[in-house]
Participant: 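Have a look at this one.
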Amino acid sequence: MERSPHLLLVGDGPVVEALEALCGPLGWTTTVSAQQVPVGPEHDAVVVTSHHDDVDGPVIRDALAAGAPYVGAMGSRATQARRREWLLDHGVSQEALAALHAPIGLDIGAQDPGEIAVAILAEVVAVRRGAATTVASVSDRGGDIHPDLAPGEAYCPGG
């Protein structure tokens, strides 16, 4: 029997709450922290919703270095650019960055926290199963994450 996946959820707020709630019915276990925490081999997926420089960069760096099967981070294109710069400045190679799913989730038009959580978990499942999807990842699409909103109008439930 296959071991249940263990997700490390780094951040707080309604998206993390929705992710944690949806993992239960999937039979997945979670660790939730709003602080920087060690990433180990027990973590099958690391999902970062934090937007705090002293938390998200180090956790993403450590997750990539640990070889976590799935590493994803929520945030705007500007937040992703800031993180990528921090990661490159702190020893993460361009090759390692290719494994980062950011912005996170499948591109299903998710808007509210529950929908965003579904999009994230669907991407985690697809990566875990090696599935090709007909729905692309948000990170594979260029342009604005929320093209129907003016810059700065998008609500970020991840904090």
Participant: Could you go through Ile120 and Leu19, starting from their C-alpha distance and side-chain angles, then the distance that decides it, and tell me whether this counts as side-chain contact (heavy atoms from CB on, under 4.5 Å)?
Facilitator: CA-CA 8 Å; Ile120 292 168; Leu19 284 163; 4.0 Å; yes
Participant: Return the CZ to NE2 distance between Arg83 and His51, rounded to the nearest 0.5 Å.
Facilitator: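 The distance works out to 5.5 Å.
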Participant: Nearest 0.5 Å, please: how far is NE2 in His90 from CD1 in Ile60?
Facilitator: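 Spacing of CD1 (Ile60) from NE2 (His90) equals 13.0 Å.
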Participant: What closest approach, in Å, do Val124 and Ala45 show between heavy atoms, and which atom pair accounts for it?
Facilitator: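 Looking at all heavy atoms of both residues, the closest pair is CG1-CB, 4.0 Å.
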Participant: Is there side-chain contact between Arg82 and Asp53, with at least one heavy-atom pair below 4.5 Å?
Facilitator: yes
Participant: Using side chain to side chain contact (heavy atoms under 4.5 Å, CB included) as the criterion, list what pairs up with Ala110, not counting sequence neighbours.
Facilitator: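 Testing Ala110 for side chain to side chain contact (heavy atoms under 4.5 Å, CB included), a comparison that skips the adjacent residues, returns Ile108, Glu115, Ile116, Ala119.
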Participant: Would you mind listing every salt bridge (charged side-chain N to carboxylate O under 4.0 Å, His left out) that reaches into residues 23-44, with sequence neighbours excluded?
Facilitator: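 For residues 23-44: Arg3-Asp44.
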Participant: Going only through I, L, V, M, F, W and Y residues with side-chain contacts under 4.5 Å, is there a path from Trp86 to Val46?
Facilitator: yes
Participant: Got a second to check how far Ser33's OG is from Leu8's CG, nearest 0.5 Å?
Facilitator: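 The OG atom of Ser33 sits 7.5 Å away from the CG atom of Leu8.
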Participant: Can you hop from Val55 to Val16 via hydrophobic side chains spaced under 4.5 Å?
Facilitator: no
Participant: Tell me, which pairs form a salt bridge (charged side-chain N to carboxylate O under 4.0 Å, His left out) where one or both residues lie in residues 68-78, sequence neighbours left out?
Facilitator: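 Listed once each, the pairs would be none.
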Participant: For a 4.5 angstrom cut-off between non-hydrogen side-chain atoms, does Leu7 reach Cys23?
Facilitator: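 Yes; the side chains approach each other to less than 4.5 Å.
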Participant: Let me have the donor-acceptor pairs involving side chains of residues 98-105, under 3.5 Å, with sequence neighbours excluded, atom names and distances please.
Facilitator:
none

Participant: Assigning hydrophobic clusters by single linkage (Ile, Leu, Val, Met, Phe, Trp, Tyr; side-chain heavy-atom cutoff under 4.5 Å), is Leu22 placed with Val48?
Facilitator: no
Participant: What pairs meet the side-chain hydrogen bond (donor to acceptor under 3.5 Å, both in side chains) rule with one or both residues in residues 20-31, with sequence neighbours excluded?
Facilitator: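 Applying side-chain hydrogen bond (donor to acceptor under 3.5 Å, both in side chains) to every pair that reaches into residues 20-31, excluding sequence neighbours, yields His6-Thr29, His6-Thr31.
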Participant: Hey, are the side chains of Leu26 and Leu121 touching, using non-hydrogen atoms and a 4.5 Å cut-off?
Facilitator: yes
Participant: Please find the pair of heavy atoms, one from Ala117 and one from Ala18, that lie closest to each other, and give the distance.
Facilitator: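 Looking at all heavy atoms of both residues, the closest pair is CB-CB, 3.7 Å.
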Participant: Thinking salt bridges, do Arg61 and Asp56 make one under a 4.0 Å N-O criterion?
Facilitator: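 No, this pair does not count.
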Participant: When you compare the side chain of Val37 with that of Val39, does any pair of heavy atoms fall below 4.5 Å?
Facilitator: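 Contact flag for Val39/Val37 side chains = no.
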Participant: Can you check whether Leu9 reaches Thr49 side chain to side chain, under 4.5 Å on heavy atoms?
Facilitator: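 Contact flag for Leu9/Thr49 side chains = no.
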Participant: If you round to the nearest 0.5 Å, how far is CG of Leu64 from OG of Ser93?
Facilitator: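 Spacing of OG (Ser93) from CG (Leu64) equals 8.5 Å.
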Participant: Between Gln36 and Asp54, is any pair of side-chain heavy atoms under 4.5 Å apart?
Facilitator: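 No, every pair of side-chain atoms sits at 4.5 Å or beyond.
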Participant: Output a table of donor-acceptor pairs, distance under 3.5 Å, between side-chain atoms of residues 68-76 and any protein atom two or more places apart or on a different chain; print 'none' if there are none.
Facilitator:
unit_1: Tyr70; atom_1: OH; unit_2: Glu123; atom_2: OE1; d: 2.4
unit_1: Ser76; atom_1: OG; unit_2: Ala78; atom_2: N; d: 3.4
unit_1: Ser76; atom_1: OG; unit_2: Thr79; atom_2: N; d: 3.0
unit_1: Ser76; atom_1: OG; unit_2: Thr79; atom_2: OG1; d: 3.1

Participant: Hey, could you give me the CG/CD distance between Leu88 and Glu85, rounded to the nearest 0.5 Å?
Facilitator: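 Output value for this atom pair is 8.0 Å.
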